[in-house]
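Because the structure is a prediction, the values reported are computed rather than measured. Naming: A, B, ... by sequence-line order, numbering from 1 per chain.
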There are 2 protein chains.
Amino acid sequence: MRHFYFDHNATAPLSAAARASLVACLDEVYGNASSIHHFGQAAKQKLEMARRQVAARLGAKPKEIVFVSGGTEADNLALRGIVAPGQHVVTSTIEHPAVLNTCAALGVDVTYVAADSSGLVDPGDVARALRPNTALVSVIHANNELGTVQPIAEIARIARDAGAYFHSDGVQAFGKIPVDVNALGVDLYSISGHKIGAPKGIGALYVREGTPLRAIASGGHHERERRPGTENVPGAVALGIAAETADWTSVAALRDRLESGILARIASASLNGARAERIPNTSNIRFDAIEGEALLISLDLRGFAVSSGAACSSGAVEPSHVLIAIGLTREQARSSIRFSLGPENTEEQVDALIEAVADSVRHLRRISTEVPAHA
Amino acid sequence: MRHFYFDHNATAPLSAAARASLVACLDEVYGNASSIHHFGQAAKQKLEMARRQVAARLGAKPKEIVFVSGGTEADNLALRGIVAPGQHVVTSTIEHPAVLNTCAALGVDVTYVAADSSGLVDPGDVARALRPNTALVSVIHANNELGTVQPIAEIARIARDAGAYFHSDGVQAFGKIPVDVNALGVDLYSISGHKIGAPKGIGALYVREGTPLRAIASGGHHERERRPGTENVPGAVALGIAAETADWTSVAALRDRLESGILARIASASLNGARAERIPNTSNIRFDAIEGEALLISLDLRGFAVSSGAACSSGAVEPSHVLIAIGLTREQARSSIRFSLGPENTEEQVDALIEAVADSVRHLRRISTEVPAHA
């Protein structure tokens, strides 16, 4: 059976361009970028080219890019590397666990600003949450479950006007919508390779020049003392190429085709989160009186991969904290499915998925209607 | 000009077996190992196969393997994840910076046990350094600069008999000499992929069952709550294959050929560290009255990559802390070169390198002799 992938927010396949650059680098450039001989210098050149490519996509300076192992490490570095004991942090209730759980582990006071029912954070709420000792405000750029894009520029201005640093988890936004660190006004911005066609195991943290970031691990002098460990040059090279080439704009039409198809075909299906302010590839839909995980499994058996929550929370019995945070009941949250598309999806796949969702929902509703008769 | 690589302790080229498994995984398995659909389960299967392969090479249980981004992260996790405020740590003066600098950052009392002139730590010194509140003893298995293999089993027994946990940085030992975590008696053991033919960006920490390791980053529930972040499945797969296939035993003959050739041909060349207790691929030689970095550059111009210290310290103006620690003068330390070979080196390359070293040393000595005449 052929399987089709609609779970790009969990991870995306390698893009052809990133794959080519990665394999070439693996085969040709194996030096340690910190070595001073021929092999080391070849690796260093590739690494610095990648840094320029990532910086260019962000509107940043190359030296403001710190390569790390992924989005989770970038978030941890941003938060743990800035906040000190006795300080205060403001974040939102719809952050990724890498931010939420790091905030909880910091050992400082944290204010969690709520998102509204459309999945958007109100900048005014952030302003009201600030305290004289607020060191950092961290608000996710595009939410991983809903795809909603937050008013980052406005929130960043409020935070920085108050003397706090501003961080945004851009893992789901980078490469999918335009990101300019100066237009946004962020001090710190997390990105991940494997969400946009680069391999797993590489990511980066943008750190605005002058931001007093402390390393959170100890070792050699790599990455201007901000992240020790032998540089993952092939990973960085692929991230650089992915940053240069990622183009998800065409995905919006596919996503809209899928979303309107499902909403038109299926009674009691409704959209979670704002329709307008979203990244182009994500649609989160709830199917009343359907168990989301049962729908996921039914679709998987029909060859379609979707998600009933963030992959990093899979296996958890709790419903999505993001859906609860925007006001859904636990039952509604459990009846929701995230569809996240990518550049390699096609209209034919989308149309087949709409049919499969309709069939699965019909089947699952029939089962749930029949059960009482047998009970 | 052809370039030949004799700096494997900095990083090694991908092995053919690891490359094949990596590329196949990159092409075929792109799911998130935490997703519950078809793509996720395929990734999960690959990840757990890799975990079994790494565990098998260590004589460990699969669940005792935590995949991380590399050796530096493994060392940081082992030390920061065990030691708490008010406790005491024992380590050696010849550790890698990932251990030395992490010890310094822990904010606890640390006793640094000296190595002798042959580069070996005396277990009796470790015993004498123990205190009632010693939480952890960390001693490197094979030193990265000298290649000397420490009496880990004896040191581990002393540490554990005293109620302390024992960690060893096995980055340079794993894959090059037999490593059995039970025979060694280690509680924690760090390994790195790119030193033995797997790619950069992947490593692992062995954590003996029951060892109360705390995660040092926050996020999802990956790796049994010990290391958050989307699993680097292709990296882990390649590490698993490298663990299964790495065979560096044949390198010893090449290393000995290189070492005896250099020592026979060049006056005032002498070996740093113990001749016997070494990993098979490393030789650290000092050339009296020669600047090591000048020799490195001269060899690089002749097409041979060697090292004048650990890559992670390159660019540092200080001489090697390891060579100083075993009693060399700063001048002697600066006149030393590390040759580290790998399975793909050949006798022809070794013989050519011996000639190149002899030529370079002759040339550099002539220059240094001539300088006073012009001065």
Side-chain angles (χ1 to χ4, degrees), chain A residues 3 5 7 10-14 19 22-23 26-27 30-32 34-40 69-73 75-76 96-98 101-102 104-105 194 199-202 216-222 228-235 296-297 300 305-307 310-316, chain B residues 3 5 7 10-14 19 22-23 26-27 30-32 34-40 69-73 75-76 96-98 101-102 104-105 192 194 199-202 216-222 228-235 296 300 305-307 310-316:
Chain A
H3 287 266
Y5 193 71
D7 196 12
T11 190
L14 267 188
R19 183 193 184 283
L22 175 64
V23 173
L26 286 167
D27 287 342
Y30 58 84
N32 185 315
S34 296
S35 295
I36 60 181
H37 49 58
H38 170 80
F39 295 85
S69 66
T72 292
E73 184 182 341
D75 287 342
N76 274 267
H96 186 274
N101 293 342
T102 302
H194 74 99
K200 297 169 180 68
I202 188 74
I216 59 174
S218 310
H221 305 295
H222 313 82
T230 298
E231 300 90 342
N232 178 359
V233 177
L296 183 161
I297 291 166
D300 190 33
V306 301
S307 167
C312 51
S313 307
S314 293
Chain B
H3 287 266
Y5 193 70
D7 195 13
T11 189
L14 267 188
R19 183 193 184 284
L22 174 64
V23 172
L26 287 167
D27 287 342
Y30 59 83
N32 185 315
S34 297
S35 295
I36 61 181
H37 50 57
H38 168 81
F39 295 86
S69 67
T72 292
E73 184 182 343
D75 287 341
N76 274 265
H96 186 274
N101 293 342
T102 302
S192 168
H194 74 97
K200 297 171 181 66
I202 188 73
I216 58 175
S218 309
H221 306 294
H222 313 81
T230 298
E231 300 91 341
N232 177 359
V233 177
L296 183 162
D300 190 34
V306 301
S307 166
C312 52
S313 308
S314 293

Heavy-atom proximity to chain A below 4.5 Å, by part of Y5(B): both

Part of N101(B) within contact of chain A (heavy atom distance under 4.5 Å): both

Contact winner vs chain A - L14(B), L22(B), T230(B), heavy-atom pairs under 4.5 Å: T230(B)

Expected output: side-chain K200(B) to main-chain G235(A) donor-acceptor under 3.5 Å: no

Parallel, tilted or perpendicular: ring planes of H3(B) versus F39(A), cut at 30 and 60 degrees: perpendicular

Heavy-atom pair of closest approach, residues A10(B) and H194(B): O-CE1, 3.3 Å

Proximal component of D75(B), with respect to chain A [non-hydrogen, under 4.5 Å]: neither

From CA spacing to verdict: side chain to side chain contact (heavy atoms under 4.5 Å, CB included), L296(B), I36(A): CA-CA 9 Å; L296(B) 183 162; I36(A) 60 181; 3.7 Å; yes

Option in P13(B), G71(B), S192(B), A12(B) with maximal non-hydrogen atom pairs under 4.5 Å from chain A: P13(B)

Which of P228(A), G229(A), A305(A) touches chain B most, by non-hydrogen pairs under 4.5 Å: A305(A)

Contact origin within I216(B) toward chain A - heavy atom pairs under 4.5 Å: backbone

Winner by heavy-atom pair count (cut-off under 4.5 Å) against chain B, out of T11(A), I202(A), N76(A): N76(A)

Top contributor to chain A contacts, counting heavy-atom pairs under 4.5 Å, from A105(B), P199(B), G31(B): G31(B)

Contacts of E73(B) that satisfy side-chain contact (heavy atoms from CB on, under 4.5 Å) - sequence neighbours left out: V68(B), S69(B), R227(B)

Among N232(A), V23(A), I297(A), residue most engaged with chain B (heavy-atom pairs, under 4.5 Å): N232(A)

For A104(A), side-chain contact (heavy atoms from CB on, under 4.5 Å) partners two or more places apart: Y112(A)

Pick from G70(A), A217(A), P234(A) with the largest number of heavy-atom pairs that fall under 4.5 Å of chain B: A217(A)

